[in-house]
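Step one of this worksheet: look at the structure below.
All ligand and atom numbering here is 1-based and tracks the order in the structure. Each residue takes its place number in the sequence, starting with 1.
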Amino acid sequence: MAESDVASSFRLQPLVRLAPYAMRYRGAVAAALASLLVASFATLSLPLLMRGLVDKGLSEDNVAMVDHYTGWLIVAVLFLALASASRYYFVIILGERVVNDLRRDVFAKLTVLSPEFFDRVRSGEIVSRLTADATQIKSAVGASASLALRNFVLFIGAAVMMVITSPEMSLLVLGAIPFIVLPLVGLGRWVRKKQRFAQDRLADSSAFATEAIGAMRVLQSFTQEKRVNGFFGESIEQAFGAARHSVRARALLTAFAMFFIFASIVGVLWYAAQDVTAGTLSAGALSQFVIYSTMAAAGLGGLSEVWGEISQASGSAERLMELMDEDVDVQSVTNPLPLPAAAALSVTFDQVCFHYPNAEKSPVLEDLSFEIQAGETVAIVGPSGAGKTTIFQLLMRFYDTEKGRLLLGGQPIDQVSLHDLRSAMALVPQEPVIFAMSVADNIAMGRDGASREDIIKAAKSAHAHGFICDMSDGYDSLIGERGVTLSGGQRQRLAIARAILKDAPILLLDEATSALDAESETLVQAALDDMMVGRTTIVIAHRLATVKKADRILVLKKGQVVEQGNHDSLVAQKGLYARLASLQFGDDLEV
Ligand code: ADP
Ligand code: MG
């Protein structure tokens, strides 16, 4: 316990990890440090110049000396002003740069994390780290670090001058320091705990808001406004409560710091005053010493105030570094095997067992085995929750299986690079995702560097060209929050166009036409039929027409293939397929 306690009291490691980011901008760091030094020297020279002005100028009625020292004072103040401005500039720019780089890296990390992570961590929480925590670090790396440095240099400089002025009294002050520092370290630890807690509560409330904003329509349709307002109000209230605790702790810390520091100065003064009355110390030396020790104390006091900010930023850096340190569950092998360069690839599930990592106890697939030949079209049917979509997730290697093997074109999929693997499959998901970009850009996601002609061709095949042309800006129309809203069927057709554009050897269709009306479905189905030619297609089907066209039908139940064959043979079996078919396809069954 003791060790981890010590470690947690110096929670600066997360900030230390920011150092490489800062070192990318050595010029700015050097400029900031140089300005800092100049400003500190200028500040520390002020008492000396003042003393010269008084002792050599005013006391001796020497006008030339008055002019001389006044001149130097002006010069010192000018340097102080310029150096402060340039310190401020370089330090703030540095903060902006560091945080932008950090955010870029964290985001890049997010893009390689496995779905398991996104199942586990709420997106609002992640966004809060990328925004609130990043801002916290920005202000720490920028303003606070510069203030801390200034105060530190001021403290050191003043301390050196104290020693020069009176070594004996400095020794006394030195003796007082542990009494100041030790309680403050303890208090600081307590304050940091409160701050981390407050930051977490704030992230909770942002996470909640993000979710609610994304689902406002659903919330309104269920008239849940009042309840949601209640929830959000509560979480805001909790965040406020935590923030108040944290601020209270910091205020207390500041009060303690001030009191301890100035009380010790007063103590030293009282002690030194004995020497002055005894005649062993000059009043001039004492006052000079007091000026410097006040400077040192101000530096130290400033440090303790900035310390709060910096430790808060350290908490934020920790939260960002946690994201950077997330293990990537699914990774490419170092020496990947190539996939056969064929137009179609075979797919093999060999005794695959799988459960989702966040749902330990419930296996989704149990000893699932099937084989699909290159070029074959296979339909998977089964009750919802049977594990149909999960099969696609495993094929795409979003998750790794715990037992069994998954082969693609004869290669175990974990021996193929993730890029090759995913490039070999075009997926039309159950719930198509359309991004807030133009129609053309949305389709172009199917293939890097697709030309406008390719995009239009794909859209025509997916029977999306017509409705796209009806939009005010055609292929350049923006979709999403600030643009056109699409119907479910339109979204599906864009997703299909995307897959058509991808032109991959394996086609995965997850109820891809479920949101289409009968007429466009027939048309889109025709396009999909064209695409299936010469490829391996797995289609999770919900319509008889699709199922009947398949070379083979796998009937899935609770993660196992319970029946397989073609439509007629399965109907004749009068098993699950026959029941499902009559329920799902209704009268169609007779067709
Ligand atoms: P289907 O597509 O056949 O309707 P799924 O493959 O989507 O079924 O889901 C199979 C089971 O796995 C369901 O019980 C579902 O609750 C569960 N499941 C699906 N996705 C996840 C996930 N990301 N995390 C945990 N459980 C999941
Ligand atoms: Mg599904």
How about Phe240 and His245: are their ring centres within less than 6.0 Å of each other? no
Pair Tyr577 + His567: ring centers closer than 6.0 Å: yes
Does either side chain, that of [X] or that of [Y], offer a donor lying less than 3.5 Å from an acceptor on the other one?
X      : Y      : result
Asp204 : Ser235 : no
His355 : Tyr399 : no
Gln351 : Ser369 : no
Arg227 : Gln224 : yes

Do the side chains of [Y] and [X] get nearer than 4.5 Å, heavy atoms only?
X      : Y      : result
Ile479 : Asn442 : yes
Lys558 : Val364 : no
Phe435 : Met445 : yes

[atom] - nearest protein heavy atom and its distance:
atom                    : result
atom 24 (N) of ligand 1 : Asn358 OD1, 3.3 Å
atom 14 (O) of ligand 1 : Gly385 O, 4.2 Å
atom 5 (P) of ligand 1  : Thr390 OG1, 3.6 Å
atom 22 (C) of ligand 1 : Tyr356 CD2, 3.4 Å
atom 23 (N) of ligand 1 : Asp119 OD2, 3.2 Å
atom 3 (O) of ligand 1  : Lys388 N, 2.8 Å

Show the atoms of ligand 1 that are less than 4.0 angstrom away from any heavy atom in [X].
X      : value
Tyr399 : 23 (N)
Ser384 : 4 (O)
Ala386 : 3 (O), 8 (O)
Thr389 : 1 (P), 2 (O), 6 (O), 7 (O)

Closer than 4.0 Å: a protein non-hydrogen atom to atom 16 (O) of ligand 1: no
Heavy-atom protein neighbour under 4.0 angstrom from atom 19 (C) of ligand 1: yes
With a cut-off of under 6.0 Å to the ring centre and 45° to the axis, is Arg120 in cation-pi contact with Phe118? no
Specify whether an N/O/S atom of Thr389 falls short of 2.8 Å from the Mg ion (ligand 2). yes
Tell me whether Ser384 has at least one N, O or S atom under 2.8 Å from the Mg ion (ligand 2). no
Measuring from the heavy atoms of Gly382, does anything fall under 4.0 Å of ligand 1? no
State whether the shortest distance between N or O atoms of Ala359 and N or O atoms of ligand 1 falls below 3.5 angstrom. no
